[in-house]
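Atom set for the values below is all heavy atoms of this structure, side chains included, hydrogens, waters and symmetry mates excluded. Nothing fancy with the numbering, it's 1 onward along the sequence.
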Amino acid sequence: QVQLVESGGGLAQPGGSLKLSCVGSGNIFDIDDMRWFRQVPGNQRELVGTMDRYGGATYPDSVKGRFIISRDNEKNTVFLQMNSLKPEDTAVYYCNAHIAVVQGRHSDGPALRWGDYWGQGIQVTVSS
């Protein structure tokens, strides 16, 4: 069983900063891309940052230059540093990761099953 748990959300003033963390636990063998999404009620979930296993990061224009995604591979953790926050950044933020778990064994090594896993979401509110 794999779990992703977010922390670090809450209330920030416009122009302020928050840092989100997401820790993976359980039977994790390997992690590929790690991502952050956000969602406002009534809207589709929006991707706000992706980091591959080598540290390569991409962002949409809406957060580029303000948000920074990072990860600690040894601790199965991804972070989202959010700076220069705006009221329109208010949303529930979700972490997502492409994770391999051991499903069995082949003669030459473990049998892996890859899948996408999600955290439960954490509220970020930007307001004065």
Side-chain angles (χ1 to χ4, degrees):
Q1 190 78 359
V2 172
Q3 276 195 316
L4 296 176
V5 179
E6 299 103 337
S7 62
L11 176 65
Q13 291 192 337
S17 298
L18 281 175
K19 186 174 184 177
L20 305 182
S21 301
C22 173
V23 181
S25 62
N27 190 25
I28 296 173
F29 183 85
D30 193 11
I31 303 179
D32 197 359
D33 287 357
M34 303 186 83
R35 302 179 179 91
W36 286 96
F37 289 78
R38 66 185 180 188
Q39 189 169 26
V40 175
N43 289 5
Q44 286 191 335
R45 200 165 287 191
E46 176 192 16
L47 177 66
V48 296
T50 300
M51 177 161 276
D52 64 29
R53 64 173 69 233
Y54 306 112
T58 58
Y59 307 92
D61 289 342
S62 58
V63 305
K64 195 175 294 183
R66 300 189 299 121
F67 289 11
I68 301 170
I69 189 171
S70 60
R71 62 191 280 177
D72 183 335
N73 291 334
E74 290 190 1
K75 297 182 179 179
N76 296 332
T77 301
V78 62
F79 305 96
L80 185 68
Q81 177 67 47
M82 303 184 292
N83 301 318
S84 302
L85 284 165
K86 304 176 181 179
E88 52 263 43
D89 294 319
T90 296
V92 177
Y93 284 70
Y94 299 88
C95 67
N96 165 272
H98 195 55
I99 294 174
V101 298
V102 177
Q103 203 171 17
R105 288 200 64 84
H106 293 308
S107 58
D108 57 352
L112 303 179
R113 175 173 58 84
W114 285 92
D116 274 343
Y117 293 85
W118 292 88
Q120 80 285 357
I122 192 164
Q123 178 70 45
V124 170
T125 302
V126 183
S127 174
S128 56

> Going from OG1 on Thr58 to NZ on Lys64, what distance comes out if it is rounded to the nearest 0.5 angstrom?
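It is 8.5 Å, given to the nearest 0.5 Å.
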> Taking only residues at least two apart or on different chains, which pairs with a member in residues 23-34 satisfy side-chain hydrogen bond (donor to acceptor under 3.5 Å, both in side chains)?
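Counting only pairs at least two positions apart or across chains, the side-chain hydrogen bond (donor to acceptor under 3.5 Å, both in side chains) contacts touching residues 23-34 are Asp30-Arg53, Asp33-Arg35.
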> Got a sec, which pairs hit side-chain hydrogen bond (donor to acceptor under 3.5 Å, both in side chains) with one end in residues 3-14, sequence neighbours left out?
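For residues 3-14: Glu6-Gln120.
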> According to the salt bridge (charged side-chain N to carboxylate O under 4.0 Å, His left out) rule, which pairs have a member within residues 103-113, sequence neighbours left out?
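Salt bridge (charged side-chain N to carboxylate O under 4.0 Å, His left out) check on residues 103-113 returns no pairs.
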> Can you tell me how far CD1 of Ile99 sits from CD1 of Ile31, rounded to the nearest 0.5 angstrom?
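Going from CD1 on Ile31 over to CD1 on Ile99, the span is 4.5 Å.
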> Once you round to the nearest 0.5 Å, how far does NZ of Lys19 lie from OG of Ser70?
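Lys19 atom NZ to Ser70 atom OG measures 5.5 Å (nearest 0.5 Å).
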> Which pairs pass ring-ring contact (aromatic ring centres under 6.0 Å, His included) with one or both residues in residues 7-57, sequence neighbours excluded?
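Counting only pairs at least two positions apart or across chains, the ring-ring contact (aromatic ring centres under 6.0 Å, His included) contacts touching residues 7-57 are Phe37-Trp118.
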> For a side-chain contact (heavy atoms from CB on, under 4.5 Å) check, start with the C-alpha distance between Gln81 and Ser17, then their side-chain angles and the critical distance, and finish with the verdict.
CA-CA 7 Å; Gln81 177 67 47; Ser17 298; 3.8 Å; yes
> Hey, what do you get for CG (Asp89) to OG (Ser127), rounding to the nearest 0.5 Å?
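If I round to the nearest 0.5 Å, the distance is 12.5 Å.
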> Would you list the pairs meeting ring-ring contact (aromatic ring centres under 6.0 Å, His included) in which at least one residue belongs to residues 74-117, sequence neighbours left out?
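ring-ring contact (aromatic ring centres under 6.0 Å, His included) check on residues 74-117 returns His98-Trp114.
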> Any side-chain heavy-atom pair from Thr90 and Gln123 closer than 4.5 angstrom?
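Yes, at least one pair of side-chain atoms sits under 4.5 Å.
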> Mind checking the CD1-CG spacing from Ile69 to Asp52? Nearest 0.5 Å is all I need.
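With rounding to 0.5 Å, CD1 (Ile69) is 10.0 Å from CG (Asp52).
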> Treating Thr77 as the side-chain partner and Val23 as the backbone partner, does any N or O pair qualify as donor plus acceptor under 3.5 Å?
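Not at all, since once roles are kept as given, no pair shorter than 3.5 Å links the two residues.
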> If the test is side chain to side chain contact (heavy atoms under 4.5 Å, CB included), which one of Ile68, Val63, Leu20 qualifies with Leu80?
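Among the candidates, only Leu20 passes.
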> Only distances under 3.5 Å count here; give the side-chain donor-acceptor pairs of residues 39-51 to other protein atoms, sequence neighbours excluded, each with its distance to 0.1 Å.
residue, atom, partner, partner atom, Å
Gln39, OE1, Arg45, NE, 3.2
Gln39, OE1, Arg45, NH2, 3.3
Gln39, NE2, Asn43, O, 3.0
Glu46, OE1, Arg38, NE, 2.8
Glu46, OE1, Arg38, NH2, 3.3
Glu46, OE2, Ser62, OG, 3.1

> Name the residue from Asn76, Val102, Leu4 that meets the side chain to side chain contact (heavy atoms under 4.5 Å, CB included) definition with Ile28.
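The option that passes is Asn76.
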> With hydrophobic residues grouped by side-chain heavy-atom distances under 4.5 Å, do Val92 and Met82 end up in a single group?
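As far as the 4.5 Å side-chain criterion goes, Met82 and Val92 are not connected within one cluster.
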> Over all heavy atoms of both residues, which pair between Leu85 and Ala12 is shortest? Give the atoms and the distance, please.
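Here Leu85 and Ala12 meet closest at CD1-CB, 3.7 Å.
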